[in-house]
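Inspection log for the structure reproduced underneath, given as structure tokens.
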Amino acid sequence: MKRVLVLAATTGYQTRSFGDAAARLGVELLFATDRCHVIDDPWQDGAVPIRFYDEAGSVATILDRTRTRPVDGILVVGDRPTVIAARVAEALGLPGHPPAAAAAAGHKRLTRERLRDAGLKVPDFTAPRFPCVVKPVALTGSRGVIRADDPASLAAAIERVRAILTSVDVRNERNASHQEILIEEFIPGHEFAVEGVLHHGRLYVLAIFDKPDALDGPFFEETIYVTPPPLDAAARQAIEAAVAGAAHAIGLDHGPIHAECRVATDGVYVLEVAARPIGGLCARAVRFTGGETLEEMLLRHAVGESPARWRREEAARGVMMIPIPRRGVLRGVDGVDQARRIDGVEDVQITAKLDQVLIPLPEGASYLGFIFAGAPGAGDVTRALRDAHRALRVAIDPELPMLTSSALQYNHHHG
Ligand code: ADP
């Protein structure tokens with residue numbers, strides 16, 4: 001039986017989906033998840049406990065385990081374990097992305113340098129003019145990405161990003177790259193995301209997602225992804241060629257990639273190529289002709305299958321990452337059933353927890369939930385997603401005033 005190592009932050013939707021696909025394919029999974037290894041197997045799930053911030057230690061722990069449970073392939077869920085996965089693949093002699101390429105892919109300045117050195121289109125990041133974009137070099141999900149149009153808004157944006165980078169959760173990642181901020185030229189244009197698999201250096205595009213909502217700032221929350229995009233063959237080829245060129249310039253070689261690009265009047269700018277597949281629940285927006293999930297196909301790739309003959313299903317499909325409308329305490333979401341009944345809507349998942357403090361971008365790092373839709377045409381999918389979103393009524397209360405020291409005392413004893 002083939003065995004595949006899956007690195008993930010914790011177990012969640014995508015790891016379960018990999019589990020289902022593995023059961024169907026007769027592949028065994030070995031998980032490595034980010035946690036403290038004071039107790040050996042706290043979740044009793046046989047996962048290898050690693051710490052994402054400790055790359056060398058995590059690699060050693062995994063290699064130790066694979067001596068008795070050898071693996072045939074490696075997959076990652078999420079951005080943080082990509083370098084660890086690459087180092088394990090290299091140590092085991094398995095095909096994968098080279099560690100230096102995975103590191104560059106996860107670092108926005110290094111990505112810019114690789115693309116510029118390869119002669120590809122990049123936003124000017126050495127002497128940017130206004131409008132510009134301020135961003136942390138190693139956060140994800142548009143966190144801390146802010147447009148500035150003049151010196152005053154630039155100064156404010158830098159201050160705001162600095163505050164994010166010194167917050168407890170970012171500092172807990174213990175990533176030295178979180179001390180760096182990148183400022184680059186703002187590229188006007190329509191945005192697309194590309195889901196693909198590199199197979200020994202060659203890019204196979206699985207889906208191009210249109211982002212029908214304008215992304216002009218000052219913050220850049222992802223909302224709708226819909227595929228297929230309204231592009232002719234030449235435009236599609238231009239995007240695919242730009243992403244293939246960028247992946248190659250970064251040095252990525254074998255495994256899933258997820259890229260973001262903007263099509264400007266002078267061509268395609270690849271903003272990033274992540275060394276991992278599309279995240280979490282959004283993966284449900286990619287289906288293949290036999291009804292297979294993305295996770296199933298990625299497992300097949302991990303054990304050696306070429307993606308050359310894979311085809312995405314005929315129908316259009318899309319997902320809306322439901323943005324957090326404002327800061328506050330989530331009290332409830334009404335209209336979910338009504339949204340689910342809208343033509344084309346396949347599912348509505350509210351993933352934020354009741355009574356949780358919701359934090360919108362640019363500081364926040366999560367969504368309210370996800371809406372999924374499928375229809376014969378992409379326009380119907382987008383309409384269904386927008387209608388479903390409009391049907392939702394989100395109750396958010398203002399946050400409590402700052403806790404006083406006596407309130408903290410109370411929490412300390414009772415919380
Ligand atoms: P992340 O990895 O956090 O998603 P990105 O660098 O990809 O960060 O930026 C997130 C989003 O911000 C992009 O998808 C895009 O909409 C917008 N953005 C980032 N940089 C630029 C830029 N130079 N010009 C225009 N839009 C940008």
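Whatever order the structure lists them in is the order used to number ligands and atoms, beginning at 1.
Checking side-chain atoms of Ser58 against main-chain N and O of Arg51 turns up a donor-acceptor pair under 3.5 Å. No donor-acceptor pair under 3.5 Å is formed between the side chain of Thr33 and the backbone N or O of Thr10. Side chain of Glu90 to main chain of Arg87: no donor-acceptor pair is present (N/O by atom type, distance under 3.5 Å, no hydrogens or angles).
When Glu185, Arg147, Glu221 are checked for heavy-atom proximity to atom 23 (N) of ligand 1, Glu185 turns out nearest.
Here the protein heavy atom with the shortest distance to atom 8 (O) of ligand 1 is Lys108 NZ, 2.6 Å. Taking atom 13 (C) of ligand 1 as the reference point, the nearest protein heavy-atom neighbour is Glu191 OE2, 3.5 Å. Given atom 7 (O) of ligand 1, the protein heavy atom at minimum distance is Glu272 OE2, 3.3 Å. At the shortest separation from atom 26 (N) of ligand 1 among protein heavy atoms lies Arg262 NH1, 3.2 Å. Among all protein heavy atoms, the one lying closest to atom 19 (C) of ligand 1 is Lys135 NZ, 3.3 Å. For atom 18 (N) of ligand 1, the closest non-hydrogen atom on the protein side is Leu271 CD1, 3.9 Å. Atom 4 (O) of ligand 1 has Ser142 N, 3.2 Å as its closest protein atom, hydrogens excluded (heavy atom only).
The number of heavy atoms from other shown groups lying within 6.0 Å of CG (Asp343) does not exceed 12. Enclosure of atom CD in Gln356 by more than 12 non-hydrogen atoms of other residues, nucleotides or ligands within 6.0 angstrom is indicated.
At a 4.0 Å heavy-atom cut-off, ligand 1 touches Pro123 through the side chain alone. Residue Ile187 touches ligand 1 through backbone and side chain together, judged by heavy-atom distances below 4.0 Å. Heavy atoms of Glu222 found under 4.0 angstrom from ligand 1: none, in either backbone or side chain. Contacts with ligand 1 closer than 4.0 Å are made by side-chain heavy atoms of Phe220 only, the backbone lying farther away.
Here's the thing with Gly141: one of its N/O atoms is less than 3.5 angstrom from an N/O atom of ligand 1. Residue contacts with ligand 1: Glu260 is placed with no nitrogen or oxygen under 3.5 Å of a nitrogen or oxygen of the ligand (distance criterion only).
Taking the centre of each ring, His301 and His199 come in below the 6.0 Å mark.
Here is the list of ligand 1 atoms found below 4.0 Å of a heavy atom in Leu215: 16 (O). Counting atoms of ligand 1 from 1 in the listed order, those under 4.0 Å from a heavy atom of Glu184 are 20 (N), 21 (C), 22 (C), 23 (N).
A parallel orientation is assigned to the rings of Phe372 and Phe370, their planes being inclined by less than 30° (bins at 30° and 60°).
Salt-bridge annotation for Arg284 and Asp347: present, with a side-chain N of the basic residue lying under 4.0 Å from a carboxylate O of the acidic one.
Rounding to the nearest 0.5 Å places NZ of Lys108 at 8.5 Å from CD of Glu184.
Figure legend: Arg80 and Phe52 shown without cation-pi pairing, the cationic atom not lying both under 6.0 angstrom from the six-membered ring centre and within 45 degrees of its axis.
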